[in-house]
Visitor: 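Below you will find the structure I want to go over with you.
Just so you know, these numbers come straight off a predicted model, no measurement behind them.
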Amino acid sequence: MTQLTIDTHVADIVSALPQSTDLFRKLRIDFCCGGKIALKEAAEARHLNPAEVLNHIKEIEIKQERRDSFDPTSFGNKTLVAYIQENYHESLREELPALSPYITKVARVHGEKSPHLLCVQEIFRELRTELLEHTEDEDKNVFPLILEFLRNPTDELKEELRPRVFELEEEHENAGKLLFELRDITNNFVPPNDACGTYRAVYARLEQLEKETFNHVHLENNVLFDRVRQAI
């Protein structure tokens, strides 16, 4: 765990924990142009208890560390599916809508000077739509079918499931291509030296999204779907 305190600058907290931007936005604490002040000063300026704000930040940090500490590859089928849904599907449903207004703001404010940000906005919009539709299809249709097939691998279920798994893997590949485009167009998610706090937070959260999505896809393609292929 990082050593964040009430004396840590708000901008440094965002650098260490990009998801903290949602909390700061909710509390109306300026992490962008006004982020070069201590959390204590920023909280008190909003008539907030600095210790309570820090506790909320620590909760975000602990949640992230818990997710990173598990090795779900040894989980049983039902537990693995539940893990994917809780740690990746639900997270995407929270993160993608939360990140969207930041990307829109950065594109609007800096897009004229940096036109590539308009491309970032467009690619993210496509990625968001695809991932949300993809995870909904998995949760409602494919995952229940997978669990039923792994419990009872009949020929009928096999023929129904085989094309669905292939389709999901193609969708994973397309999401990977979009993430590659984002990494390429953002210079490996490295913001300009003069970038504001929001600009930097967007790049940090996009890089985190890439990492989470690759871990997510690995568990599905190389663990869950492998079990299906072996049963087939």
Visitor: Determine whether more than 12 heavy atoms belonging to other residues, nucleotides or ligands lie under 6.0 Å from atom CG of Asn193.
Guide: no
Visitor: Can you tell whether the side chains of Glu148 and Arg151 come within less than 4.0 Å, N to carboxylate O?
Guide: no
Visitor: With Arg164 as reference, evaluate Asn141, Ile146, Val228 under the side chain to side chain contact (heavy atoms under 4.5 Å, CB included) test and give the passing residue.
Guide: Asn141
Visitor: In terms of relative ring orientation, are Tyr102 and Phe31 parallel, tilted or perpendicular, with 30° and 60° separating the classes?
Guide: perpendicular
Visitor: Is there a side-chain contact between Glu136 and Glu133 in this structure, where contact means two heavy atoms from C-beta onward sitting under 4.5 Å apart?
Guide: no
Visitor: Would Leu118 and Tyr203 show up in the same hydrophobic cluster when neighbours are defined by side-chain heavy atoms closer than 4.5 Å?
Guide: no
Visitor: In terms of hydrophobic clusters joined by side-chain contacts under 4.5 Å, are Val109 and Val120 together?
Guide: no
Visitor: Step by step, work out the side-chain contact (heavy atoms from CB on, under 4.5 Å) result for His89 and Phe143.
Guide: CA-CA 12 Å; His89 291 191; Phe143 280 2; 3.6 Å; yes
Visitor: Is there a side-chain contact (heavy atoms from CB on, under 4.5 Å) between Gln19 and Gln208? Walk through the geometry before answering.
Guide: CA-CA 9 Å; Gln19 278 72 18; Gln208 181 69 20; 3.7 Å; yes
Visitor: Inspect the contact between Lys40 and Glu44 and indicate whether a charged nitrogen and a carboxylate oxygen are less than 4.0 angstrom apart.
Guide: yes
Visitor: Which atom pair, heavy atoms only, marks the closest approach of Asp226 to Arg229?
Guide: OD1-NH2, 2.6 Å
Visitor: Please check if any side-chain donor atom of His172 sits under 3.5 Å from a side-chain acceptor atom of His216, or the reverse.
Guide: no
Visitor: Under the side-chain contact (heavy atoms from CB on, under 4.5 Å) criterion, do Glu210 and Phe189 qualify, and how do the steps go?
Guide: CA-CA 10 Å; Glu210 178 194 63; Phe189 303 111; 3.8 Å; yes
Visitor: I need the minimum non-hydrogen distance between Ile29 and Ala43, along with the two atoms involved.
Guide: CD1-CA, 4.3 Å
Visitor: Please determine whether side-chain contact (heavy atoms from CB on, under 4.5 Å) holds for the pair Asp22 and Arg205, giving the CA-CA distance in whole Å, both sets of side-chain angles, and the decisive distance to 0.1 Å.
Guide: CA-CA 11 Å; Asp22 291 337; Arg205 288 178 71 159; 2.9 Å; yes
Visitor: Are Leu206 and Phe214 joined in one hydrophobic group, where the rule is that I, L, V, M, F, W and Y side chains link up if heavy atoms are under 4.5 Å apart?
Guide: yes
Visitor: Give me the atom names and distance for the closest heavy-atom approach of Ala38 to His9.
Guide: N-CD2, 3.6 Å
Visitor: What is the minimum heavy-atom distance between Leu80 and Pro72, and which atoms define it?
Guide: CD1-O, 3.7 Å
Visitor: Quick one, Glu212 and Glu95 - any side-chain contact, counting heavy atoms below 4.5 Å?
Guide: no
Visitor: State, yes or no, whether a side-chain contact exists between Val53 and Arg46 at a heavy-atom distance under 4.5 Å.
Guide: no
Visitor: For Glu112, does the CD atom have more than 12 heavy-atom neighbours from other residues, nucleotides or ligands under 6.0 Å away?
Guide: no
Visitor: Would you mind telling me which of Leu117, Thr186, Ile103 makes a side chain to side chain contact (heavy atoms under 4.5 Å, CB included) with Val202?
Guide: Ile103
Visitor: Are Val165 and Val217 linked, directly or through intermediate hydrophobic residues, by side-chain heavy-atom contacts shorter than 4.5 Å (ILVMFWY only)?
Guide: no
Visitor: Are side-chain heavy atoms of Leu127 and Leu209 found at a separation under 4.5 Å?
Guide: yes
Visitor: What are the two closest heavy atoms between Arg200 and Ala195, and how far apart are they?
Guide: NE-O, 3.3 Å
Visitor: Any side-chain heavy atom of Phe24 within less than 4.5 Å of one from Leu39?
Guide: yes
Visitor: Please report the shortest heavy-atom distance between Ser20 and Ile60, naming the atom on each side.
Guide: CA-CD1, 4.2 Å
Visitor: Applying the 4.5 Å side-chain criterion to the ILVMFWY set and letting contacts propagate, would Ile232 and Leu150 be lumped into a single cluster?
Guide: yes
Visitor: Does any N or O in the side chain of Asn188 come within less than 3.5 Å of the main-chain N or O of Val190, such that one atom is a donor and the other an acceptor?
Guide: no
Visitor: Is a side-chain donor or acceptor of Lys158 paired with a backbone partner of Phe149 at a separation under 3.5 angstrom?
Guide: no
Visitor: Side-chain contact, heavy-atom cut-off 4.5 Å: Val223 with Phe75?
Guide: no
Visitor: Is a donor on one side and an acceptor on the other found under 3.5 Å between the side chain of Thr135 and the backbone of Leu131?
Guide: yes
Visitor: For the residue pair Arg25 and Pro101, establish whether any side-chain heavy-atom pair is separated by less than 4.5 Å.
Guide: yes
Visitor: Check whether any side-chain heavy atom of Asp137 lies under 4.5 Å from a side-chain heavy atom of Leu168, and answer yes or no.
Guide: yes
